[in-house]
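Lettering of chains follows the sequences in order, A, B, ..., and the numbering in each one begins at 1.
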2 protein chains.
Amino acid sequence: MAAARTRSPAVPRKRQSPEARREEFIRKAAEFFAEEGFAGGTRELAAKLGVTQPLLYRYFPSKEELIQAVYRRVYLDRWNPEWDALLADRSRPIRERLQKFYEAYTDAIFDREWLRIYLASGLAGAEINRWYVSVVETRILTRIVAEFRNEAGLPAQEPPAPGELELAWILQGGIFYYGVRKYIFDSPVQEDKARVISNALDIFFEGIAKVFGAKTKVRTRAVRRA
Amino acid sequence: MAAARTRSPAVPRKRQSPEARREEFIRKAAEFFAEEGFAGGTRELAAKLGVTQPLLYRYFPSKEELIQAVYRRVYLDRWNPEWDALLADRSRPIRERLQKFYEAYTDAIFDREWLRIYLASGLAGAEINRWYVSVVETRILTRIVAEFRNEAGLPAQEPPAPGELELAWILQGGIFYYGVRKYIFDSPVQEDKARVISNALDIFFEGIAKVFGAKTKVRTRAVRRA
DNA sequence: AATCTTGCTTATCGTACGATAAATTATCGG
DNA sequence: CCGATAATTTATCGTACGATAAGCAAGATT
């Protein structure tokens, strides 16, 4: 399979810098582990890379370190810094900002590789997964709460209450699970992603006012129980 | 470790029937694979069971068959048939029915074992996972759609449109992701589950009317795009 | 109590894994 | 072109895995 490399390379590939080669390994390893899971073998990965298995250990001291590098690559390279400004830009209506943000954000993370590595790393209890959850809270959900506090005439500068974040998580989860169904479970889904986001936002915007007001003023609304 | 079993057993355990013993193996295997992942070794599992590794092969022809048995056990044993009647009982308000249903349903599936095996089997591409997604659609979401069609004065007997199911998935996902955060990601969450469900339902009920009506009548509502 | 049956263990096989060392090939500076 | 240096391969080690075969021992049967 990876034999035609020994003598003259069919494509006389210019030698890459060690850093670039390492990056290439990480990139392909992300694809590989996304499909095979982190229990996938280093030999099979090396075959996918077109090299022999011991070469991996020239670039990474252990399989575990390689996996950590894959984590960092997958988690850190997707956030677009412009989104911070987009979410905070009060010259545009919040509804429009969130629509554009979620379309762009899901363009970035809704693919088989990202979602599979995200969930697999979460199942593995990876530290970076917990870190990312807190990133979502500070970068996305806290801003959403702040905007709704602002719209409701409430003080928006103070940090959101846990219960307020939990409300925003409902929106986040409703959208996120669409990606899980499509790319992890391979379920048939409505293909128009922008429409799904629009619907989720419509529901959230219509519904949040009542809940949000009742929640932040006084917690007297009875919770029906069994 | 599993040595004190050779001679007289400390607890002279009554010999169980082969079926019961097999069930015990499956139950403990579910615990084990939930924690270790399906890449966990049969030796370690046997140690947890207090038996030797080859004994597993007396009850299951292969590790794969054992995993399939774990799938069936985890997926099939949680649905309470009473929930079908609960969801369909129009003598009670739909809001109340859904609150009670989701409280009971999440009592059943929101634990570390179920959620971890559900997601791991989904990542593994297990057939039963896709089957379960369709079960959720027919048993839960289709009923929710039917109830809202009924409330909106629309014909409720015909099967839900894909877009209508997608709306109900937003609710389902919003609630489900709460469990994922708590039991898979080990994130700090608002502890009052009934309240989270109540909030999700409040948002959904307030928001759905507008979206649902607009959606099922005529698809003229513009979707904002980039 | 003797015998049969079956649950369980001990011993072991072949394979695949992660990792290391040594040899080999390719690239680059002079 | 040559020698140094780095990139890659070949060969191999120790271990852990899934699985099988043979033996032993505990109940059950008569």
Side-chain angles (χ1 to χ4, degrees), chain A residues 1-29 32-33 35-71 120 124, chain B residues 1-29 32-33 35-71 120 124:
Chain A
M1 185 172 275
R5 164 165 294 272
T6 47
R7 211 90 278 276
S8 60
V11 182
R13 301 210 281 162
K14 191 68 178 297
R15 176 179 276 188
Q16 302 169 333
S17 76
E19 298 77 28
R21 191 107 172 95
R22 194 182 138 97
E23 281 303 305
E24 183 192 350
F25 279 20
I26 295 172
R27 190 166 45 80
K28 290 271 189 72
F32 175 77
F33 287 128
E35 286 307 311
E36 304 296 324
F38 294 114
T42 52
R43 282 170 174 77
E44 202 182 334
L45 167 58
K48 179 190 171 81
L49 286 162
V51 299
T52 54
Q53 179 250 1
L55 186 61
L56 295 174
Y57 290 83
R58 179 157 196 95
Y59 292 89
F60 308 94
S62 70
K63 182 186 180 182
E64 182 55 34
E65 291 271 346
L66 169 57
I67 290 173
Q68 296 297 327
V70 166
Y71 283 163
Chain B
M1 184 174 275
R5 162 166 293 272
T6 48
R7 210 90 273 281
S8 59
V11 182
R13 299 208 285 162
K14 189 70 178 298
R15 174 178 277 192
Q16 302 170 332
S17 75
E19 297 77 27
R21 192 108 172 94
R22 192 183 140 96
E23 280 303 305
E24 184 191 350
F25 279 19
I26 294 172
R27 190 166 43 80
K28 290 270 188 74
F32 175 76
F33 286 128
E35 285 308 313
E36 304 294 326
F38 294 114
T42 52
R43 280 165 231 275
E44 202 182 334
L45 167 58
K48 178 189 170 83
L49 287 162
V51 299
T52 54
Q53 179 252 359
L55 186 61
L56 295 173
Y57 290 83
R58 180 157 199 94
Y59 291 89
F60 309 93
S62 70
K63 183 185 180 183
E64 182 55 33
E65 291 271 346
L66 169 57
I67 290 173
Q68 297 296 328
V70 166
Y71 283 164

**OP:** Return the nearest nucleotide to the side chain of Leu55(B); candidates are dG18(C), dA19(D), dT9(C).
**Re:** dT9(C)
Original post:
Taking CG from Leu49(A) and P from dT9(D), how many angstroms apart are they, rounded to a whole number?
Top reply: 11 Å
Original post:
How close or far is atom P of dA19(C) from atom NZ of Lys63(A), stated in whole angstroms?
Top reply: 8 Å
**OP:** Return the nearest nucleotide to the side chain of Thr52(A); candidates are dG18(D), dT10(D), dA7(D).
**Re:** dT10(D)
Subject >> Spacing of Ile67(B) atom CD1 relative to dC17(D) atom C1', expressed in whole Å >> reply: 13 Å
Original post:
When you check the phosphate oxygens OP1 and OP2 of dA21(D), does a side-chain N or O of Tyr57(B) lie under 4.0 Å from one of them?
Top reply: no
Original post:
Of the candidate nucleotides dT8(D), dT9(D), dG7(C), which contains the atom at the shortest distance from the side chain of Pro18(B)?
Top reply: dG7(C)
Original post:
When the distance from CZ of Arg22(B) to P of dT6(C) is rounded to whole Å, what number comes out?
Top reply: 17 Å
Original post:
Do Arg43(B) side-chain and dG18(D) base share a donor-acceptor contact under 3.5 Å?
Top reply: yes
Original post:
Among dT9(C), dG7(C), dA6(D), which is the nearest nucleotide to the side chain of Arg58(A)?
Top reply: dA6(D)
**OP:** Please work out if Phe60(B) contacts a base, only the sugar-phosphate, or nothing of the nucleic acid, heavy-atom cut-off 4.0 Å.
**Re:** nothing
**OP:** Grab the CZ-P distance between Arg21(B) and dT6(C) for me, whole Å please.
**Re:** 17 Å
Original post:
If you check every side-chain atom of Pro54(B), which of dT20(D), dC8(C), dA7(D) has the closest atom?
Top reply: dT20(D)
Original post:
Atom OG1 in Thr42(B), atom CG in Leu66(B): separation rounded to 0.5 Å?
Top reply: 9.5 Å
**OP:** Could you tell me which residues satisfy ring-ring contact (aromatic ring centres under 6.0 Å, His included) with Phe25(B), sequence neighbours excluded, listed by chain and number?
**Re:** Tyr59(B)
**OP:** Quickly work out the Leu66(B) CG to dG18(D) P distance and round it to whole Å.
**Re:** 10 Å
Subject >> Listed partners of Phe38(B) passing ring-ring contact (aromatic ring centres under 6.0 Å, His included), at least two apart >> reply: Phe33(B), Tyr71(B)
**OP:** Whole angstrom is fine here: how far is it from CD in Gln53(B) over to C1' in dA11(C)?
**Re:** 12 Å
Original post:
Quick one: Glu24(A) CD to dT8(D) C1', roughly how many Å, whole number?
Top reply: 14 Å
